[in-house]
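These notes concern the structure reproduced below.
Just so it is clear: chains get the letters A, B, ... in the order the sequence lines come, proteins before strands, and each one is counted from 1.
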Number of protein chains: 2
Amino acid sequence: MMKMQEQKIELIKNSLGYILEEELVAEIINNSQLKEIEQDKVIVNVGDELNNIPIVLEGSIKISRENEEGDELLLYYIEGGDTCAMTLQCCVRHTKSEIRATTMEKSLILMIPINMMEVWLHKYKSWREYILQSYHTRMTELMETIDAITFMRLDERLLKYLTDQAKLLGSLEINHTHQQIAEDLHSSRVVISRLLKQLEIKKIITIHRNKIILKSI
Amino acid sequence: MMKMQEQKIELIKNSLGYILEEELVAEIINNSQLKEIEQDKVIVNVGDELNNIPIVLEGSIKISRENEEGDELLLYYIEGGDTCAMTLQCCVRHTKSEIRATTMEKSLILMIPINMMEVWLHKYKSWREYILQSYHTRMTELMETIDAITFMRLDERLLKYLTDQAKLLGSLEINHTHQQIAEDLHSSRVVISRLLKQLEIKKIITIHRNKIILKSI
DNA sequence: ATTCTTTTGCAACACTAGTTACATATTAAT
DNA sequence: ATTAATATGTAACTAGTGTTGCAAAAGAAT
């Protein structure tokens, strides 16, 4: 149990120590709970109310949108050190989540009680900068997503999707079925299979069961 | 000249008086410059560096994105009392604008020196809430834009575009050519003409030169 | 009044993406 | 080993959107 606490302190310092004030880091250590979450777990769903600000320390999270008919679309990813801007407002205003957050691998997430948000915004310049930076980064990423949907063809988006995943998870192997890829891109399985086949013919990937392997990034 | 100053105070109090602390409103009055801007003027362009935080007091602004090839896409609108979240970060970090802001009608815009941003974030709770709320509203709107592009067909998006414009400008007459509409929706003139014709046949609109008239909202 | 410019209409065609239906291959379960 | 479940391959067809090229209409400029 003591080891867990030491590991937590180590992790927080590594992830946030360089961007947040020392005093704030100490407060975070005392006011947070570290959670380890398995791969492919939905940690926030559309409509959920949040009691904690989540900060990803290790691993990666994908943020997606879902409409009434259950159609999905991948919006962006969150990596180590980042928080989810969309959930921040849920904390401040007690509104419901408009997005879904799913772990892409086993991840370590820091949970901070929502009342600290306003206190720290007043007290720490680095926290203000962190929160504002976070919002801005997510907005920029949302706009990149819009760019992709608007200006790119599906085959280009597919290749971007594969390389993004590879970079994020640090592996040229993407362990998804065609169906899962189709859901993230809001397309259909047959279309994705067809386009993957084209990428294979162009020698950009090789197709395996439950797995796509990129030749390079 | 005195009258201009009185009008400015009146405007600021009307637009911001109910959401911001009295003391902050006074600071805004003393630290801002009111600008009147004509219709269809580009007030911020992609790549611009900002020296002021703009707050729209009267009128309306459209925010759009442009890719390398010059293709456009309308992202969202800004109305009275709102600020542009995307330009906020330009202020804090001195980065370049990633969006274009264009007036949709004659508008009154308050310009606040960027250094006030950090000072007020520390000093005023209402300013923190205003800025965070602003970010969140824009993110929500970006996601609605994503929803529209991803889940709606072009004819639905076109009708939404027309009713959004009508609501925003408070008139059933939309003074745009088919070409202009096509640019906002990132489509082509011929396609928009075709879809407008369908809406006219369905008795939802009437088509005129340089003008579409909605039968109702 | 005539010419020029802008805007809109229209038809034919092309392309991308989505759908349906079925076959085949691979793995898991019994 | 046999069966069941899951994943992928393929073909034919459809729908939606974009492109090209030209004509007609409306308005502005001379």
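Residue-to-nucleotide contacts include no donor-acceptor pair under 3.5 Å from the side chain of A:R189 to the base of C:dG18. The base of D:dT17 does not come close enough to the side chain of B:R194 for any donor and acceptor atom to sit less than 3.5 Å apart.
The side chain of A:R209 lies closest to C:dT26, out of C:dT26, C:dG9, C:dG18. Here the nucleotide nearest the side chain of B:H178, chosen from D:dT19, C:dT19, C:dG9, is C:dG9.
The pair B:K41-B:E38 fails the salt-bridge criterion, with no side-chain N (NZ, NE, NH1 or NH2) lying under 4.0 Å from an Asp/Glu carboxylate O. B:E72 and B:R65 are not joined by a salt bridge, as no carboxylate oxygen comes within less than 4.0 angstrom of a charged side-chain nitrogen.
Separating the CG atom of B:L195 from the C1' atom of D:dG18 is a distance of 11 Å, rounded to the nearest angstrom. Spacing between atom CD of A:Q198 and atom P of C:dC15 amounts to 15 Å, rounded to whole angstrom units. Distance, B:H208 NE2 to D:dA25 P: 18 Å, rounded to whole Å. Nucleotide C:dA17 holds its P atom 11 Å from the CG atom of A:L185, rounded to whole Å. To the nearest angstrom, C1' of C:dT5 lies 12 Å from CG of B:N210. When rounded to the nearest whole Å, the span between CD1 of A:I192 and P of C:dT16 equals 15 Å. The separation between B:Q179 atom CD and C:dT8 atom P is 9 Å, rounded to whole Å. Atom CG of A:N175 is separated from atom P of D:dT8 by 11 Å (rounded to the nearest Å).
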**Report entry** Pair B:R153-B:E156, salt bridge (Lys or Arg N to Asp or Glu O under 4.0 Å): steps then yes or no
**Finding:** CA-CA 5 Å; B:R153 280 208 318 270; B:E156 299 175 281; 5.1 Å; no

Requested in this report: Carefully, step by step, assess B:H178 and B:S193 under the rule side-chain hydrogen bond (donor to acceptor under 3.5 Å, both in side chains).
Outcome: CA-CA 6 Å; B:H178 302 181; B:S193 293; 2.8 Å; yes

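Between B:K197 and the phosphate of C:dG9, there is a side-chain N or O to OP1/OP2 separation shorter than 4.0 Å. At C:dC10, none of the side-chain N or O atoms of B:S193 fall inside 4.0 Å of OP1 or OP2 (strictly under the cut-off).
Residues of residues 143-156 of chain A that place a heavy atom closer than 4.0 Å to DNA chain C, in numerical order, are A:R153, A:L154.
Separation of atoms CG (A:D48) and OG (A:S97) is listed at 6.5 Å; rounding is to 0.5 Å. Between atom NE2 of residue A:H208 and atom CD1 of residue A:I174 there is a gap of 10.5 Å, rounded to the nearest 0.5 Å.
Residue A:S188 is in base contact, counting any heavy-atom pair closer than 4.0 Å across all strands shown. Looking at heavy-atom distances under 4.0 Å, B:H176 makes no contact with the nucleic acid at all.
Side-chain contact annotation: A:Y77 with A:D164, donor-acceptor N/O pair under 3.5 Å absent.
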